[in-house]
S.K.: 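Questions regarding the structure given below will be posed in turn.
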Number of protein chains: 2
Amino acid sequence: MIKVLLIDDHPIVMEGLKNLLTRQEDLTVAGCFSTGKAGLEGITTLQPDVVLLDINLPDISGIEICQQVRKQDKDVRIIALSVHNERLVIKNILNSGANGYVLKNSVGEEIIMAINAALNGATYLCRATRDIVSQVSEGELTSIPRITRREKEIMGLVSKGFTTAQIADQLFISPHTVESHRKNLIEKFDVSTMTAVIKLATQFGLI
Amino acid sequence: MIKVLLIDDHPIVMEGLKNLLTRQEDLTVAGCFSTGKAGLEGITTLQPDVVLLDINLPDISGIEICQQVRKQDKDVRIIALSVHNERLVIKNILNSGANGYVLKNSVGEEIIMAINAALNGATYLCRATRDIVSQVSEGELTSIPRITRREKEIMGLVSKGFTTAQIADQLFISPHTVESHRKNLIEKFDVSTMTAVIKLATQFGLI
DNA sequence: GATGATATCCCTGAAATCAGCCATTTTTAA
DNA sequence: TTAAAAATGGCTGATTTCAGGGATATCATC
């Protein structure tokens, strides 16, 4: 019996996954967790064979969870779930040690296939994702950067339409400092404008 | 027996909803649709009592569906489902004639409560949403603007980091025209920068 | 104690955006 | 068919952002 663990903060999605998995005779749902922290502990204590992991979690990002699990040298198979079909996410989650990537708007069969592929040591990517990956040469894809608390704060204010000067006023810091954070963000995301930063950050659930 | 119709493009969410609803003895799932177009037809032919409607659909937005149903003078109850908890969305969906708003990360019981409230002629808002609405005076909330195809195209390119001149080149139009579109977008979204436009557009699934 | 990451601050000049106007043509809807 | 909406193009000037260099203080971790 293959033990599957679910990590997703949407109870309805969780319900759907549970329903889907329990229909499979060779699978059993070992545990369900709605936060990254609880999920990590669950992986340690329950020792599942496969983890279905939502990327956008309220506390820790799925990517970080992936990395932490891999650091612990566990050979559990991880299949990432996401609503977004973005190059950066795909590249990053796979680099973090995931064994599959399935969009939430894919059909249930795809998830079963992803689980089976992962168990066989393969990596399953849903159709739309596969196209993207094959289109792009590896070098083009960069990683989702690690963002500091202050940078997150700046992004939030920028995305609300505040200018550098206004943000500086609100945070009681110099406009120069805000400028520095902007520049760092543009560099970290490897883009050329803050608009692009905001789009990515919004998609990744960073703001 | 209360007939419920589901419109959502995520099969897993659909599965979860179906599972949740069939556990209720007084409810029956009359139909499931994954696109707005099919959903609208379903409402006409199946005459459900309640519709659970995802806001972010691939073809027509949930808000437009709401408006169209109301224009046809149907007294079906509509409960909006969304992952986002944004003022604009809430205001707009309620103005479009929805009888409830539930976030997808809320528990199943909330959806049942929303259905019951809607059937009693009440409007149910999940907790997080209620707070937002009560915080803000009606006047502060504006509407999600209607965006043209060209404007959508411009937003997409802006969000990728292209400058006005680069976009003009790509679309074989004058930079002045691109400027016009930018200005219209900023005005339509009632914000002061394109960064804010992009954040909202991303959240609303417009790009 | 050293190292690295974070947060703070400064400068200049080029490039881009935004605000405020207006006008024409084509397409769509009433 | 008439009116409204969309897409196109234009101008000026003020404001803002971006690129490119810096520097210093703090804090945690190793």
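So you know, we letter chains A, B, ... as the sequences are listed, proteins then strands, and number each from 1.
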S.K.: Quickly work out the B:I147 CD1 to D:dA5 P distance and round it to whole Å.
M.R.: 14 Å
S.K.: Does a side-chain N-to-carboxylate-O contact under 4.0 Å join B:E153 and B:R150?
M.R.: yes
S.K.: I need the CG-P distance between B:N184 and D:dG9, as an integer number of Å.
M.R.: 14 Å
S.K.: State whether A:K37 and A:E41 are salt-bridged, where the test is any N-O pair (Lys NZ or Arg NE/NH1/NH2 against Asp/Glu carboxylate O) under 4.0 Å.
M.R.: yes
S.K.: Expressed as a whole number of angstroms, how long is the span from A:R182:CZ to D:dG21:P?
M.R.: 20 Å
S.K.: Kindly compute the distance separating CD1 (B:I154) from OG (B:S159), expressed to the nearest 0.5 Å.
M.R.: 11.5 Å
S.K.: Using 0.5 Å steps for rounding, measure from the CE atom of B:M155 to the OG1 atom of A:T195.
M.R.: 13.0 Å
S.K.: Measure the shortest side-chain to side-chain distance between A:L52 and A:D8 over non-hydrogen atoms and say whether it is less than 4.5 angstrom.
M.R.: no
S.K.: Between B:R149 and B:T193, which residue's closest nucleotide on DNA chain D lies nearer the 5′ terminus?
M.R.: B:R149
S.K.: Side chain of A:K183: nearest nucleotide among D:dA7, D:dG20, D:dC18?
M.R.: D:dG20
S.K.: May I ask you to evaluate whether B:H181 reaches the phosphate of D:dT8, defined as a side-chain N or O under 4.0 Å from OP1 or OP2?
M.R.: yes
S.K.: Taking C-beta and beyond as the side chain, do B:I79 and B:I111 meet within less than 4.5 Å on heavy atoms?
M.R.: no
S.K.: Give one of base, sugar-phosphate or nothing for A:S180, where a contact means two heavy atoms less than 4.0 Å apart.
M.R.: base
S.K.: To the nearest angstrom, how far is A:I154 atom CD1 from D:dT16 atom P?
M.R.: 16 Å
S.K.: Counting neighbours of CD on A:E187 that are heavy atoms of other residues, nucleotides or ligands and sit closer than 6.0 Å, is the number greater than 12?
M.R.: no
S.K.: Using whole Å, report how far CD1 of A:I198 lies from P of D:dC18.
M.R.: 10 Å
S.K.: Give me the first and last nucleotide of DNA chain C, going 5' to 3', that has any atom under 4.0 Å from a heavy atom of chain A.
M.R.: C:dT6 to C:dC11
S.K.: What is the distance, rounded to the nearest whole Å, between atom CD of B:E179 and atom C1' of D:dT12?
M.R.: 12 Å
S.K.: Using atom CE of A:M194 as one end and atom C1' of D:dT16 as the other, report the distance to the nearest whole Å.
M.R.: 13 Å
S.K.: Drop me the distance from A:C66's SG to A:N99's CG, to the nearest 0.5 angstrom.
M.R.: 8.0 Å
S.K.: Looking at residues 166-178 of chain A, who's got a heavy atom less than 4.0 Å off DNA chain D?
M.R.: none
S.K.: What is the distance, to the nearest angstrom, from the CD atom on B:E151 to the C1' atom on D:dA5?
M.R.: 10 Å
S.K.: How long is the span from the CD1 atom in A:I147 to the NZ atom in A:K188, to the nearest 0.5 Å?
M.R.: 5.0 Å
